[in-house]
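Below: one structure, written as C-alpha cells.
For ligands, and for the atoms within them, numbers begin at 1 and follow the listed sequence. The structure displayed is predicted, hence computed values, not measured ones. When reading the values below, keep in mind they use all heavy atoms of this one structure, side chains included, and skip hydrogens, waters and symmetry mates.
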Amino acid sequence: MCGIVGYIGEDEKKEILLEGLKELEYRGYDSAGIAVIDKEHLESFKAVGKLENLIRKTQDFKAPGFGVAIGHTRWATHGKPTELNAHPHLGKYSYVVHNGIIENYQELKKELINSGINFLSQTDTEVIVHLFEKYKEELNDNFEAFKKTIERIDGAYAILLITKDEPDTIFFAKNGSPLLIGFNDKNEVFFASSDTAIIGKANRVYYLEDGEFGYAKKDKVVLFDKDGNLKEINTKPLATDKLSAQKEGFRFFMEKEIYEQSNVVVDTMLGRVLDSEIVFDEIKEGFLDGIDAIKICACGTSYHSALASSYLFERIAKIRCDVEIASEFRYKEPLLSKDTLFITISQSGETADTLEALKMAKRAGLKSLTICNVDNSSIVRESDVALLTRAGIEKGVASTKAFATQTLLLWMFVLYLASKRGVISKEFLEEEIRHLRETPKALKVTDKLHSKIHRLSKRYLHGHGFFFIGRDIFYPLALEGALKLKEISYLHAEGYPAGEMKHGPIALADSELFTIALMPKTLLYEKIKSNVEELSARDATILAISPEPFELADDFIQTKYATHPMIEFFEMMVITQLLAMEVAIRLGNDVDMPRNLAKSVTVE
Ligand code: M6R
C-alpha cells in the first residue's frame with residue numbers, strides 16, 4: 001500500500017513528484033505529501049485526502065534547478081489519516097517517506113523518546129528519520145547512519161530519505177515493499193513504487209530486490225545487496241505505453257476496464273491457444289513431472305477466480321485442488337507435500353499475504369507457479385513460473401479485467417495440465433478450445449445491455465441487503481458479484497451457494513432482500529431454479545440472470561443461450577460488474593477509488 005516517488009535532477013521537481021503521485025494515487029489516498037531539498041533549502045507540504053488537495057496547496061510553490069525530492073501518497077496503517085501522520089516525516093534536518101510496516105517501531109520509539117526525541121506523529125515511519133539523525137550524530141557519516149538505521153528496523157519497507165546534510169543525495173532501501181529506480185539520458189534519477197509513475201520520464205529501470213539499499217546522486221547510484229556487498233545495477237528498458245492507463249472517454253477507469261475485457265482475453269490467449277493445443281512457453285519441459293495435487297492461494301477477487309478454477313481442475317484435469325485465502329493459509333501451519341504445485345494468483349503481484357504464502361510454500365520445497373498481471377512484480381520474481389494475464393494496467397480498485405483474464409488463464413491451464421496428464425481426449429480439447437475462443441464475444445458490452453442495467457439499477461439503491469447466489473462455478477462468481485457491489489456501493493452484499501440458503505440465510509428473506517440469482521442453463525439449472533423458488537415463496541425480490549425466462553423473477557436480465565458453462569460464466573460476470581458500477585454511480589460514489597480501499601495491498 002502507499003505510493004512513493006523520488007527525483008534527482010534539474011527539472012521542476014514539484015511537477016515531477018505530483019505527476020508521479022497521480023499515477024500512484026490508486027495505492028492509497030488518505031493523504032499525500034512532498035519534500036524538496038534545493039541547495040540546502042528544505043521545503044515540504046502535506047495534505048489530507050486526495051492528491052487534489054496537495055496540488056491546490058502547492059499551487060504557488062516552484063522548485064526549478066538542481067535538487068532532490070521525495071513524495072508519498074498514503075493508505076493509513078498506523079495512525080489516522082491526518083496531516084501530522086502524512087509522509088514525508090521530518091526529523092531535525094531530514095525527511096523520509098516509507099511504504100510498508102515497521103514491526104518493531106514501538107520498541108524503537110520508546111528508545112528514541114528515552115533519549116529525548118519528540119515524536120509528532122502516530123506512525124511507525126517516524127522512527128526511521130529520528131534513528132537516522134541519531135546515528136548521524138554518533139557516526140558523523142550519512143550513509144553509515146542510514147545503513148545502521150535499516151539494520152535496526154524489522155518489517156516491510158520501501159524507504160527514501162533525504163537530508164539537508166547531504167543535499168544532493170537520496171538514500172534508499174527495500175524489503176518486502178516494491179521500489180524501483182529509473183534512469184534516463186539526462187542523468188536524472190527517479191524512484192517509484194510502481195513504474196507507471198515514471199513512464200515517459202525514465203527509459204530504463206531497475207527493480208530492487210529485498211534487502212537492497214544504497215544511495216543515489218545525480219551521476220551515480222550505488223547499490224548494495226542484502227549482505228552489504230556492492231552490486232552492479234542491471235537495468236531493463238521501461239515500458240512506454242501510458243495511453244492504456246488513461247480513461248479514453250469512459251466515466252471511470254472501472255467502466256473502461258469492463259469494456260476492455262473482450263480485447264484483453266484475446267491477448268491472454270495469443271500464442272497460447274492453438275488449434276488443437278494449449279501452449280505455455282513459460283513452462284519448461286518436466287516442470288510438472290511428479291505433480292499430483294494443486295494448492296492455490298490468493299486474496300479477494302483473485303481468490304474467487306481460484307475457487308472457480310478448483311471445480312475445473314478436479315472435473316477436467318482430474319487432479320485434487322485446494323484453494324485457500326492467503327491470510328488464513330499463513331498461520332494455519334499447513335501440511336505441504338512436494339507433489340503439490342503451489343499456485344498463487346494476484347493482479348498486482350504485490351499482495352503481502354499472497355507473497356508470504358508463496359515464500360512459505362517455497363521454503364517447504366514446493367514448485368510454484370503464479371498467475372499475475374504485473375511482470376517483474378514481487379510475486380512474479382519469487383515464483384518458479386509466471387503466467388502473465390496480459391490484462392494491461394488495471395486502475396479501478398474494484399478488479400474486473402484482471403478477474404476475467406485470471407479465470408480464463410486458469411481454464412487454459414487446466415486444459416494444458418489435463419492434456420499433459422493424458423486425462424482428456426484430443427476431441428475434448430479441441431471442443432474446449434472452440435469454447436475458449438468464444439469468450440471475447442461473451443464479454444462484449446452492448447449498448448442495449450448497458451442501458452438496461454443502468455435503468456434497472458435505480459431499483460436497487462436501498463433494501464437491507466443483497467444475496468448473490470449460484471451453484472458450482474457460479475458460486476465463486478456470486479461471491480465476486482457481491483464483493484464488487486459492496487466495494488463500490490457500500491451496500492451490504494453476500495455471495496452464497498444457492499443450495500445453502502435454506503440452511504440459515506433464508507431467514508432474512510422479505511421484499512427488501514434483493515437476490516441476484518445466477519441461473520445458467522448449461523449447469524444445474526433445475527437445482528438453482530428450485531432454490532430461487534424457495535426464496536420467491538418468502539417474498540424476496542428476485543433479479544434473475546439467465547437465458548431462460550423465469551416467471552417468478554421481479555427483474556430479469558436475459559443472457560444468450562450458450563453451450564458451455566464458462567461462456568455463461570463470462571457473460572454473467574459482465575452483468576454483475578455493470579450492475580455494481582451503475583448502482584455505485586447512482587449513489588454518487590467514486591467508483592475508481594472507493595473509501596477505505598487501496599489497489600495494491602502490500603501490508604498483511
Ligand atoms: O493484487 P491482488 O490480486 O493480489 O489483490 C487481491 C485483492 O486485494 C483484490 O482482488 C481486491 O479484493 C480487489 N479490490 C477486488 O476488487
Among all protein heavy atoms, pick out the one at the shortest distance from [atom]; state its residue, atom name and that distance to 0.1 Å.
atom: atom 4 (O) of ligand 1; result: T351 OG1, 2.4 Å
atom: atom 13 (C) of ligand 1; result: E487 OE2, 3.4 Å
atom: atom 8 (O) of ligand 1; result: V601 CG2, 3.8 Å

Checklist entry - Hey, looking at atom 12 (O) of ligand 1, which of C299, S399, G300 has the closest heavy atom? => result G300

Checklist entry - What's the verdict on ring-ring contact (aromatic ring centres under 6.0 Å, His included) for H450 and Y259, showing C-alpha distance, side-chain angles and the deciding distance? => result CA-CA 10 Å; H450 198 159; Y259 274 74; 5.7 Å; yes

Please could you name the atoms of ligand 1 that [X] approaches to less than 4.0 Å, counting only its heavy atoms?
X: S346; result: 1 (O), 2 (P), 3 (O), 4 (O)
X: A398; result: 16 (O)
X: Q347; result: 1 (O), 2 (P), 3 (O), 4 (O)
X: K484; result: 15 (C), 16 (O)
X: S302; result: 2 (P), 3 (O), 10 (O)
X: T301; result: 10 (O), 12 (O), 15 (C), 16 (O)
X: V397; result: 13 (C), 14 (N), 16 (O)

Item to check | Side-chain (N373) to main-chain (A402) donor-acceptor, under 3.5 angstrom | outcome: no

Next on the checklist: A cation-pi test, strictly: NZ or CZ of K367 under 6.0 Å from the centre of the six-membered ring of F287 and no more than 45 degrees from its axis. Yes or no?
Outcome noted: yes

Checklist entry - Does NZ or CZ of R320 fall inside the cone over F313's six-membered ring, less than 6.0 Å from its centre and within 45° of the axis? => result no

Checklist entry - Looking at I345, T344, L307, L369, which hits side chain to side chain contact (heavy atoms under 4.5 Å, CB included) with I296? => result I345

Checklist entry - Can you tell me if E350 has a non-hydrogen atom under 4.0 Å from ligand 1? => result no

Checklist entry - Mind checking whether L597 has a heavy atom under 4.0 Å from ligand 1? => result no

Next on the checklist: Is there a polar contact between ligand 1 and S348, counting only N or O atoms under 3.5 Å apart?
Outcome noted: yes

Checklist entry - What are the two closest heavy atoms between E282 and A386, and how far apart are they? => result CG-O, 3.5 Å

Next on the checklist: Within the structure provided, determine whether F329 and I325 are in side-chain contact (heavy-atom separation under 4.5 Å).
Outcome noted: no

Item to check | Residue pair Y206 / E212, side-chain heavy-atom distance below 4.5 Å | outcome: yes

Next on the checklist: Between E328 and K332, does any NZ, NE, NH1 or NH2 come within less than 4.0 Å of an OD or OE carboxylate oxygen?
Outcome noted: no

